[in-house]
Structure formats: structure tokens, C-alpha cells
Amino acid sequence: QVQLVESGGGLVQTGESLRLSCKASGITFSHYVMGWFRQAPGKEREFVGSTSLSGETTHYPDSVKGRFAVSRDNAKNTVYLQMNSLKSEDTAVYYCAAQWRGNARRMAAMSDITYWGQGTSVTVST
């Protein structure tokens with residue numbers, strides 16, 4: 001059974017940092033572009049970052065560029081989202097995503113995601 005399980009969410013204050021993890025099972029992890037999306041109440045799901053099969057390439061939207069970083073450890077079947085300088089606007093449920101042999105930049109279109117995690121909640125207080 002394919003599973004993407006996120007962890008690491010929680011409540012933090014503005015300016016603090018948080019690292020999310022997503023561990024995959026049931027897939028050949030290195031064959032998938034991995035990334036993260038988020039969804040706040042009343043808003044559409046939003047792309048926040050992705051990384052290529054090997055982790056050598058990353059892609060981010062302007063809203064998080066310079067603050068967030070996606071990395072992966074293929075030996076552990078895990079992708080991470082490091083979030084720094086958190087803002088209230090970052091409050092959302094964060095979802096891990098996998099795209100089979102995709103492209104880190106193309107993943108942002110969210111048109112052909114192979115697998116989704118269940119999400120982990122991040123709340124940034126003021």
C-alpha cells in the first residue's frame with residue numbers, strides 16, 4: 001500500500017522555524033519528484049516547493065523563496081520542508097506530494113500528482 005505520511009506540524013510564533021517531514025512507503029521513492037503544497041481555509045491548494053528525483057534541483061514560488069527549502073533523503077524515503085522566518089500567512093495544512101518521474105518545476109501546476117499525503121497542520125501565531 002502506498003503511503004505518504006507527513007509529520008512535524010504544530011504551533012509556532014512569527015519568525016520561528018519548523019521542519020516538516022514526509023516519509024513514503026510502497027513506492028520506488030527515487031522515481032518520484034517530491035514536493036509540498038499547502039491549503040489555508042477558504043483558499044485553493046498552493047504549491048510551496050519541489051525537488052527533483054535526485055534532489056539536485058529545487059523549485060519554489062516567490063511567496064516562499066528564500067524562506068523555505070525542500071530536500072530529500074532517498075535512503076530514508078523521506079522528503080523535508082524546512083520553513084524559516086514563518087509568517088501568519090504560512091498558516092495552513094501542508095500536504096506532501098509525489099509525481100512519478102516528473103519535473104520539479106512542472107509539479108507546481110498540480111495537474112498530475114500521483115500521490116498525496118493526508119496533511120499536517122501548521123499554525124503561525126502573532
Are the side chains of [X] and [Y] in touch, meaning some heavy atoms are under 4.5 Å apart?
X   : Y    : result
S88 : T14  : yes
T51 : V33  : no
M83 : W36  : no
F47 : M110 : no

When clusters are formed by joining ILVMFWY residues with side-chain heavy atoms under 4.5 Å apart, either directly or through shared neighbours, do [X] and [Y] land in the same one?
X    : Y   : result
M107 : L4  : no
V93  : F37 : yes
V5   : V2  : no

Do [X] side-chain atoms and [Y] backbone N/O form a donor-acceptor pair below 3.5 Å?
X   : Y    : result
T91 : T123 : no
R72 : S52  : yes
K23 : K76  : yes

Going from [atom1] on [X] to [atom2] on [Y], what distance comes out if it is rounded to the nearest 0.5 angstrom?
X   : Y    : atom1 : atom2 : result
T28 : N74  : OG1   : CG    : 11.0 Å
R67 : Q82  : CZ    : CD    : 12.0 Å
R38 : S121 : CZ    : OG    : 12.5 Å
E6  : C22  : CD    : SG    : 5.0 Å
F68 : L18  : CZ    : CG    : 9.0 Å
L20 : T78  : CG    : OG1   : 12.5 Å

Heavy-atom pair of closest approach, residues [X] and [Y]:
X    : Y   : value
V12  : S17 : CG1-O, 4.3 Å
A104 : T57 : CB-O, 4.3 Å
Q118 : Y95 : O-CE2, 3.4 Å
L81  : Y94 : CD2-CD2, 3.8 Å
A98  : Y32 : CB-CD2, 3.9 Å
I27  : A24 : CD1-CB, 3.9 Å

Between W100 and Y115, is the gap from one ring center to the other below 6.0 Å?
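No; Y115 has its ring centre 6.0 Å or more from that of W100.
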Using the ring of Y80 (Phe, Tyr or Trp, six-membered ring only), decide whether R19 places NZ or CZ under 6.0 Å from its centre and within 45 degrees of its axis.
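Yes - R19 lies over the ring of Y80, closer than 6.0 Å to its centre and within 45° of its axis.
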SB check D62 K65 (cutoff 4.0 Å)
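A salt bridge links D62 with K65.
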Pair S125, L11 - check side chain to side chain contact (heavy atoms under 4.5 Å, CB included), show working.
CA-CA 7 Å; S125 67; L11 174 64; 4.2 Å; yes
Pick out which of M34, R105, H59 makes a side-chain contact (heavy atoms from CB on, under 4.5 Å) with S50.
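Output: one option passes, namely H59.
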